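Taking it in order: structure first as structure tokens, then the write-up.
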Number of protein chains: 2
Amino acid sequence: MANVSIRDVARHAGVSVGTVSNVLNRPDAVSEDSVTRVQTAIEELGYVRNEAARKLRAGVSATVGFVVLDGQNPFFYDVVRGAEDEASRHGIAILYGSTGEDVNRERTYLDLFEEQQVRGLLIAPYGDVNRRLERLRERGIRAVLVDRFSGENKFSSVSVDNVAGGRMAVDHLVATGRRRIAFVGGPFAMRQVTDRLAGARVAAEGADVPVELEVVATEAMSVAEGVTAGERILRRPREDRPDALFAVNDLVALGLLQSLVGGRRVMVPEEVAIIGFDDISFAAAAAVPLSSMRQPSATIGMTALRVLLEEAGDPTLIPRQTVFQPELVVRRSTDPQPGRKG
Amino acid sequence: MANVSIRDVARHAGVSVGTVSNVLNRPDAVSEDSVTRVQTAIEELGYVRNEAARKLRAGVSATVGFVVLDGQNPFFYDVVRGAEDEASRHGIAILYGSTGEDVNRERTYLDLFEEQQVRGLLIAPYGDVNRRLERLRERGIRAVLVDRFSGENKFSSVSVDNVAGGRMAVDHLVATGRRRIAFVGGPFAMRQVTDRLAGARVAAEGADVPVELEVVATEAMSVAEGVTAGERILRRPREDRPDALFAVNDLVALGLLQSLVGGRRVMVPEEVAIIGFDDISFAAAAAVPLSSMRQPSATIGMTALRVLLEEAGDPTLIPRQTVFQPELVVRRSTDPQPGRKG
DNA sequence: GAACGAACATGAAACGTTTCAACGCGATTC
DNA sequence: GAATCGCGTTGAAACGTTTCATGTTCGTTC
């Protein structure tokens with residue numbers, strides 16, 4: 001009800017509206033006296049700045065949009081949290097949208113965020129959004145890709161070196177004595193998936209000992225898909241099974257774990273080792289604590305937001321790719337087996 | 001760059017700005033002819049409505065704030081997703097903020113959302129925010145409490161019947177033959193916790209057979225706290241241990257599971273049954289799939305948003321409390337043990 | 001064919017900011 | 001003491017909508 005405007009504040013403080021605005025936005029261009037008088041007036045009247053008017057006139061927005069396409073994956077919550085932390089430090093609010101795999105939904109959100117005239121966009125894309133992002137850039141809305149390396153250098157991106165991660169994971173499995181490794185994951189349309197697999201291949205081929213690497217494809221990176229992949233592996237005769245599984249992410253790894261250990265049919269890590277990717281918080285909490293390639297998820301979010309703000313501040317900046325290195329986190333699911341063959 | 005305004009559209013379509021605005025907002029008050037002409041003009045120019053100007057003039061906002069205080073709990077992601085679904089159906093964007101237990105952070109977000117003049121606020125509070133929410137309401141911003149029953153009827157709320165949930169959980173444990181039950185959870189400042197415990201008490205006392213109910217307190221509802229609680233239980237001699245654990249939520253339950261089963265020290269459910277609360281997606285994926293009291297999390301979010309929009313539309317509406325019933329989901333962690341004592 | 005009403009269309013005012021050219025005024029310089 | 005400078009301040013314009021009082025047109029009725 002009490003809708004106090006900058007004009008009321010000005011009147012109450014005995015200054016002009018311009019001065020009040022200056023106190024709010026560049027206090028050093030204004031005398032001490034005015035500052036204090038305006039500030040007490042603000043206090044007394046309980047004035048709250050009207051962001052809509054500000055945005056309208058100054059064309060500058062205090063919101064950033066974040067579109068996540070796999071809202072199910074806890075990894076992204078950490079990314080969002082990192083971005084959020086940084087945003088709140090800058091007094092910026094985050095418009096959040098998760099879209100699953102619904103392309104319409106994605107479009108809706110981008111429209112919505114465009115109407116809101118967000119300062120910029122963080123996006124963890126599932127499919128191909130380049131076209132749309134370019135249109136947005138024409139309108140002055142920058143985008144930063146999250147968790148997805150932008151090869152073409154059209155947009156900035158913040159991601160993790162998935163090839164290195166795949167390599168490190170398989171290196172680790174080999175170092176702990178495993179020789180028959182299966183990569184479990186999909187879909188192969190996703191860059192993350194192919195990169196991690198490529199890294200795994202490099203490690204398998206570069207090992208000092210002969211290492212077999214097979215691929216068990218899944219349709220998505222979900223727990224459910226992990227479970228069915230596990231069932232498929234269990235259906236094979238024992239001697240045909242791999243002795244280690246590298247899952248494309250922790251959700252798949254947890255699914256695998258569930259189907260292998262669940263029925264007490266296979267011992268992890270004794271018979272089969274499992275390593276995942278992301279190191280989500282549930283990885284440590286699994287019944288057999290899961291080894292994983294940790295991504296600095298919060299840092300990714302934070303960095304993405306910073307890059308975005310910088311670019312929004314200076315549109316001439318050329319896109320830049322930030323790549324973090326993943327980190328091997330060893331837990332019980334890949335305990336070395338001293339008595340193992342090889 | 002191409003900043004097309006309603007005026008440009010009007011010119012291009014050969015009508016007045018008022019007509020364009022009408023086409024956008026109440027198309028039935030305008031002739032067919034105008035509608036189509038305006039619409040093609042919009043298409044051709046790539047016009048996007050400026051939400052800031054709209055908000056400024058009409059005082060009506062297309063954003064809703066959602067403040068979650070326990071951003072770690074996957075349960076809330078589902079709630080958010082439900083709210084989001086409903087929001088996108090109304091063309092409304094969600095400003096998202098999670099605050100952990102940082103009270104400052106919470107204040108920052110409420111300030112931010114107030115500046116943004118959100119249409120309303122969904123809030124899953126940890127501590128006491130009534131004061132602040134009342135101030136917001138004075139300014140015309142309604143709030144709906146999520147996952148927290150508002151006893152005083154000052155605000156609307158959407159939550160689950162935690163007492164009933166506690167009762168059903170213990171009923172189930174008793175029905176499957178358990179007699180020595182421990183409630184594991186905390187902090188007891190949280191209403192959810194005390195309600196679930198109260199329900200557990202009712203069930204224990206109302207059972208046909210004698211049932212012991214003890215309380216193992218935790219400092220938070222996290223996996224880590226579940227683990228330490230599990231360690232504490234394990235330290236007791238075997239004959240002093242409970243034969244069933246009712247965890248205040250799934251995070252704690254997963255922690256318990258991890259510490260009990262992890263070292264293969266205790267068989268679940270043979271020696272100890274475990275039931276959680278929330279039925280987060282990882283509950284089913286645990287190595288021993290976890291029984292849980294399911295909350296209709298997405299429905300909670302959706303309903304909360306609906307209630308909010310209704311109230312924002314008609315400020316005279318009196319607050320109303322929506323309470324859902326939880327649902328027992330039985331999985332292996334509470335498999336009945338026919339040969340059990342009692 | 002005058003009068004009336006329905007159905008649309010019009011365009012200026014208003015929303016609350018930020019911005020900026022212009023101004024006031026005391027201090028400094030020649 | 002006139003000219004110049006710098007520091008603060010001022011107030012009006014402008015941002016892109018929605019709203020609403022006022023017009024215009026056209027079909028109907030007597």
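Computed over heavy atoms, backbone and side chain alike; hydrogens, waters and symmetry mates excluded. Note that this is a predicted model, so its numbers are computed, not measured. Numbered from 1 within each chain, the chains take letters A, B, ... in sequence-line order.
In this structure, the CD atom of A/Glu51 is 19 Å from the P atom of D/dC15, given to the nearest Å. Here the C1' atom of nucleotide C/dG16 and the NZ atom of A/Lys55 are 14 Å apart, to the nearest Å. Distance, A/Arg54 CZ to D/dC15 C1': 14 Å, rounded to whole Å. The interatomic distance linking B/Asn50 (CG) with D/dC15 (P) rounds to 12 Å, in whole Å. Atom pair A/Ile6:CD1 and D/dA12:C1' shows a separation of 14 Å (rounding to whole Å applied). As rounded to whole Å, 11 Å separates atom P of C/dT10 from atom CG of B/Asp33. Note: CZ (B/Arg139) to P (C/dG16) measures 13 Å, nearest angstrom. Counting to the nearest Å, the C1' atom of D/dT17 and the CG atom of B/Leu24 are 10 Å from each other.
The aromatic rings of A/Tyr96 and A/Phe66 lie perpendicular to each other, with more than 60° between the two planes, well past the 30° mark.
Counting only N and O atoms by type, the side chains of A/Glu84 and B/Ser98 include a donor and acceptor under 3.5 Å apart.
Under the 4.0 Å criterion applied to side-chain N and carboxylate O atoms, A/Glu138 and A/Arg135 are not assigned as salt-bridge partners. One finds no salt bridge joining B/Arg137 and B/Glu311 here, because no Lys/Arg side-chain nitrogen approaches an Asp/Glu carboxylate oxygen to under 4.0 Å. Under a 4.0 Å N-O distance rule, the pair B/Arg191/B/Asp147 does not qualify as a salt bridge. A salt bridge links B/Arg89 with B/Glu86: the closest approach of a Lys/Arg side-chain nitrogen to an acidic carboxylate oxygen falls below 4.0 angstrom.
Counting any heavy atom pair closer than 4.0 Å across all strands shown, A/Val60 reaches no nucleic acid atom. Among the heavy atoms of the strands lying under 4.0 Å from B/Arg49 are primed sugar atoms or P, OP1, OP2 only; no base atom is included.
Phosphate contact (OP1/OP2 of C/dC8, side-chain N/O of B/Thr19, threshold under 4.0 Å): absent. Close to D/dG16, at under 4.0 Å from its OP1 or OP2, lies no side-chain N or O of B/Ser5. In terms of phosphate contacts, B/Asn22 brings no side-chain nitrogen or oxygen within less than 4.0 Å of OP1 or OP2 of D/dT18.
For A/Val30, the side-chain atoms get nearest to D/dT9 when compared with the rest of D/dT17, C/dT17, D/dT9. For A/Ser31, whose side chain is taken as the heavy atoms from C-beta onward, the closest listed nucleotide among D/dT18, D/dT9, C/dT18 is D/dT9. Among the nucleotides C/dT17, D/dT17, C/dA9, the one closest to any side-chain atom of A/Tyr47 is C/dT17. When distances run from any side-chain atom of A/Ser16 to the nucleotides D/dA14, D/dG11, C/dT10, the shortest one goes to D/dG11. Listed nucleotides: D/dG16, D/dA12, D/dT10. Nearest to the side chain of B/Arg7: D/dG16. Proximity note for A/Arg26 (side chain, C-beta onward) versus C/dG16, C/dG11, C/dT19: the nearest is C/dT19.
Checking B/Gly18 against A/Ser21, the closest nucleotide of DNA chain C that is more toward the 5' end is the one next to B/Gly18.
Taking only distance into account, the side chain of A/Arg57 never meets the base of C/dT17 through a donor-acceptor pair shorter than 3.5 Å.
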